[in-house]
Protein chains: 2
Amino acid sequence: MYNIAGRFPVLKVELMNINHGTRRQSVVGLILTRLFNGEYAPGARLRVEHLAEQCDVSVTPIREALVELAGFGVIKLQPNRGAEVSPFGPKQLWEICHLRRILESEAVRGCVGHFTPSELEQMEADFARLSTADRDEDWLEETKLLDNQLHSLISERCGNKRLSYEINRYAVLYRTLRDARHSMRTARSNYSEMDENLEHLAIVRGIIKQDREAAAEAMGDHVNQAGNALVQDLFGKQAIADADLDPYVAGQVTPTEAL
Amino acid sequence: MYNIAGRFPVLKVELMNINHGTRRQSVVGLILTRLFNGEYAPGARLRVEHLAEQCDVSVTPIREALVELAGFGVIKLQPNRGAEVSPFGPKQLWEICHLRRILESEAVRGCVGHFTPSELEQMEADFARLSTADRDEDWLEETKLLDNQLHSLISERCGNKRLSYEINRYAVLYRTLRDARHSMRTARSNYSEMDENLEHLAIVRGIIKQDREAAAEAMGDHVNQAGNALVQDLFGKQAIADADLDPYVAGQVTPTEAL
DNA sequence: TTAAAATTGATTATGTATAATATTGCGGGC
DNA sequence: GCCCGCAATATTATACATAATCAATTTTAA
């Protein structure tokens, strides 16, 4: 088979050569990306035939994708009226982060006591080392790797498979958001503001001390920091003010005020 | 048109005469009910054509329903391999309750400060009255009504539409579970063990005192009590032991031990 | 005359049916 | 063990039937 990229508009190429049995997932990813990139106006109608044409697939996977997207709460599926995209702005992004904070904080509470001492020693040593190490490409790579490892380990060991499932469900949204950030020109590319390793260290030390609340609070701080970066990259500096958040939720944004 | 009910087997009648545009929802409800009633062995395969025949609908709504059910985490959708039902037992039921506790506790934290004094006075008076009133049919009716009102009001006012959305998503599971309970012969029908109104009163008083943690804890207790009743009705007295829960999660079952 | 209600027709969603294609899983042969 | 073919099933594509929505228009009623 020849790679005939270039013969079709960009939109179609995005979904070409996808494996059989994964069309729905691809369409979900595509629409999520577009949504998070602000390509849809709030309330816009998603017409099935239109999407099918754009994605170069038949309507069947499109309709299934819409059901899944409705499950994510990013579109509303009204009977006999089709799909309407829900608003997505700083406020909605903060709400996603809030949910993630709720879920992952509880997961870290649950995972206390589910690690071996050597696992904990290893993690503490790694994050301590990375938090003071010189910051270069390799450092960034290892930071990302250990970030993923820590979060998935906490989710796996939290003792509640459903909680773990919901965390992974939100990870789909979160990963798409991170990817969307890269396509924004405002995305920060320097390492100066990254204190991930310190935040992770606090989480691990909470687990080591068997102090559920300390670990949960550290996780909350960490998720907030990540959310903060995300909001600023996607919507700019004053996005937090624009979000017009509820005082309690907004308070959580800057944990010192909230607690 | 004639009503020709009776000409078809029971299973088909269940879904007959459903409105256009709501087939998927009906199928979701039917499969959830079956699952919670223990009609599917863990790991059982759900074949699309088979379900289509049973539900007397075509395969399209069936497949869409499976996508939605996969979103609920009650089945697993493997590419090219179809749907496999996830295990459902006391442990999984507790996990659902755990999630509900997480979500609704956070909602009640968020809703503090979003009620008018008169609303709060009214709610406190209602729950105080019902908690000491004679228990008859009317009492049960009003108790249920105010239960629904309180929970949906808290969800609406929590200040986070996504959190509200997730709570309502879980309410689908929860309502189906409550309905499934009625079909079990072990379901409790007396009013003696119902302290809902007292639990609700504690929640409302927490909100009145603007004490987020007190209100959240009261909500946690309340959801635990409801979960306890559900587990016992669906799986019997020693179901909690059978559930083989993680100590932290199990601890939450009996809040006094957990905190 | 004007406002409400019913009607019409275009558009789109939803559901059905069927066929084409791809994948899986199994069993037989090597 | 491995490979090949085959049946079962999932997935996708396509065409069509039905039903609902929406807007424009006509009709009806006050």
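The sequence lines fix the lettering, A, B, ..., with proteins before strands; numbering per chain opens at 1. No hydrogens, no waters, no symmetry mates; every other heavy atom, side chains included, goes into these values.
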Tell me what B/Ile62 touches on the nucleic acid: a base, only sugar-phosphate, or nothing, going by heavy atoms under 4.0 Å.
nothing
Could you give the start and end, 5' to 3', of the contact zone on DNA chain D for chain B, using atoms under 4.0 Å from its heavy atoms?
D/dT9 to D/dA20
Electrostatic pair A/Glu64-B/Arg24, nearest N-O below 4.0 angstrom
no
What is the distance, to the nearest angstrom, from the CZ atom on A/Arg63 to the P atom on C/dT12?
15 Å
State whether B/Arg157 and B/Glu119 are salt-bridged, where the test is any N-O pair (Lys NZ or Arg NE/NH1/NH2 against Asp/Glu carboxylate O) under 4.0 Å.
yes
Proximity to the side chain of B/Val57 - top-ranked nucleotide from C/dG15, C/dT24, C/dT16:
C/dT16
Flag the pair A/Glu196 / A/His222 as yes when at least one side-chain heavy-atom distance between them is below 4.5 Å, and no otherwise.
yes
Are any of the side-chain heavy atoms of A/Phe115 and A/Met123 separated by less than 4.5 Å?
yes
Under 4.0 Å between any heavy atoms, over every strand shown, what does B/Arg47 touch: base, sugar-phosphate, or nothing? Just pick one.
sugar-phosphate
Which part of the nucleic acid does A/Val48 contact within heavy-atom distance under 4.0 Å: base, sugar-phosphate only, or nothing?
sugar-phosphate
Both A/Glu64 and B/Gly21 contact DNA chain D. Which one's nearest nucleotide lies toward the 5' end?
A/Glu64
I need the NE2-C1' distance between A/His50 and C/dT12, as an integer number of Å.
14 Å
Could you check how far CD of B/Gln78 sits from P of C/dT24, rounded to whole Å?
11 Å
If each of A/His20 and B/Thr22 is mapped to the nucleotide of DNA chain C with the nearest heavy atom, which maps nearer the 5' terminus, i.e. the 5' end?
B/Thr22
Minimum heavy-atom separation for B/Ser105 to B/Val108, with atom names?
O-CG1, 3.1 Å
Could you go through A/Ser164 and A/Ser155, starting from their C-alpha distance and side-chain angles, then the distance that decides it, and tell me whether this counts as side-chain hydrogen bond (donor to acceptor under 3.5 Å, both in side chains)?
CA-CA 5 Å; A/Ser164 177; A/Ser155 155; 2.8 Å; yes
Taking the side chain as every heavy atom from C-beta outward, state whether A/Arg100 and A/His151 have any atom pair closer than 4.5 Å.
yes
Which residue, A/Arg45 or B/Leu77, contacts DNA chain D at a nucleotide closer to its 5' end, judged by nearest heavy atom?
B/Leu77
A/Asn19 atom CG is separated from C/dT21 atom P, nearest whole Å, by 18 Å
